[in-house]
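Taking it in order: structure first as structure tokens, then the write-up.
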There are 2 protein chains.
Amino acid sequence: MGITKTDLFTENQNEIATLAKAIAHPARVAIIEYLLKVNACICNDIVNELPLAQPTISQHLKELKNAGIIKGNIEGNAICYCINEVKFSKIQGLFASVKAPNNSCC
Amino acid sequence: MGITKTDLFTENQNEIATLAKAIAHPARVAIIEYLLKVNACICNDIVNELPLAQPTISQHLKELKNAGIIKGNIEGNAICYCINEVKFSKIQGLFASVKAPNNSCC
DNA sequence: AAACTATATCGTAATATTGCAATATAAAAA
DNA sequence: TTTTTATATTGCAATATTACGATATAGTTT
């Protein structure tokens with residue numbers, strides 16, 4: 001079919017999967033890394049930074065924004081994108097809280 | 001096109017994206033959660049636990065194994081799957097090490 | 001106003017993912 | 001050895017993702 005059966009899983013499982021999917025592309029990882037590096041908010045610089053066409057990057061930015069990982073503010077005719085620290089911390093928390101067991105079998 | 005331009009990004013960016021992609025499905029999140037919960041290694045139980053057909057689960061398990069997140073051991077006619085703690089810790093480390101800035105703009 | 005700059009959206013082609021029935025494989029039990 | 005149990009593989013249909021040219025939108029500059 002090709003459609004994920006979202007309704008068969010818990011809200012939490014779907015949320016984790018959605019967040020992971022937003023990060024699941026090297027261009028989006030590169031955008032996140034860049035925004036973390038410059039610390040302040042940048043916009044068109046991302047287009048110049050990445051080796052992809054402007055519409056493609058716009059699409060990736062949209063996905064990151066939909067997932068809540070980044071925020072965008074209009075500033076004149078430009079747009080200022082930056083990391084959403086709240087969501088970012090939440091993602092970190094998701095992984096940090098889990099303890100992997102000392103497996104005795106595999 | 002539909003093909004990710006892997007060669008345009010760094011090895012590290014691709015690695016993060018690949019790991020995220022492995023987690024980017026609620027069924028695979030559910031499998032990981034289950035393996036963490038039971039602590040010991042289980043196999044056919046996963047098929048009974050999840051509301052998906054056996055071939056579908058087998059496919060998801062394969063992807064998790066390819067990503068190195070889980071390991072599988074043959075045990076008679078059954079297979080014992082469990083979390084690969086090394087890889088799991090690495091994923092945690094990826095996120096934990098990054099500090100989100102105190103954004104002043106967005 | 002006209003030209004320019006920055007960004008988003010549309011449309012579309014190429015490719016990837018999801019899901020499962022059918023089937024294959026292989027060990028265990030009868 | 002036949003049957004059962006556990007798992008993987010194949011093939012295929014439905015849907016999603018990726019990428020980008022063309023174009024739209026909107027603010028800025030001249």
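Below, chains carry the letters A, B, ... as their sequence lines are ordered, and counting in each starts from 1.
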Does a nitrogen or oxygen in the side chain of B:K5 sit under 4.0 Å from OP1 or OP2 of D:dC20? yes

At under 4.0 Å between heavy atoms, how does the protein contact nucleotides 22-30 of chain C? Give one character per nucleotide, 5' to 3', with B, S or -. B----BS--

I'd like to know if the side chain of A:S97 and the backbone of A:G93 have a donor-acceptor N/O pair within less than 3.5 Å. yes

Modelled atom types, side-chain donor and acceptor of A:E15 and A:T18, under 3.5 Å: no

Taking only N and O in the side chain of B:N44, is any of them less than 4.0 Å away from OP1 or OP2 of D:dT5? no

What is the nucleic acid contact for A:T4, judged by heavy atoms within less than 4.0 Å: base, sugar-phosphate only, or nothing? sugar-phosphate

So does A:Y81 get a side-chain nitrogen or oxygen closer than 4.0 Å to the phosphate oxygens (OP1/OP2) of C:dA8? yes

Which residues pass the side chain to side chain contact (heavy atoms under 4.5 Å, CB included) test with B:L94, not counting sequence neighbours? B:I16, B:L19

Apply side chain to side chain contact (heavy atoms under 4.5 Å, CB included) to A:T4 and list each qualifying residue two or more places apart in sequence or on a separate chain. A:T6, B:H25, B:P26

Does the side chain of B:T56 get closer than 4.0 angstrom to OP1 or OP2 of C:dC20 through an N or O atom? yes

Counting heavy atoms from C-beta on, name the nucleotide in D:dA19, C:dT18, C:dG19 closest to the side chain of B:R28. C:dT18

Looking for any heavy atom pair under 4.0 Å, which part of the strands does A:I57 touch: base, sugar-phosphate only, or nothing? nothing

Strictly below 4.0 Å, heavy-atom distances to any atom of DNA chain D: list the hits from residues 11-23 of chain B, or just say none. none

Of the options D:dT7, C:dT18, C:dC20, whose atoms approach the side-chain atoms of B:H25 most closely? C:dT18

Sort and list the pairs that fulfil side-chain hydrogen bond (donor to acceptor under 3.5 Å, both in side chains) and have at least one residue in residues 60-70 of chain B, not counting sequence neighbours. B:R28-B:H60, B:R28-B:E63

Residue met sooner reading DNA chain D from 5', once B:C43 and A:A53 are mapped to nucleotides: B:C43

Applying side chain to side chain contact (heavy atoms under 4.5 Å, CB included), name anything that partners B:S58, two or more places apart in sequence or on another chain. B:Q54

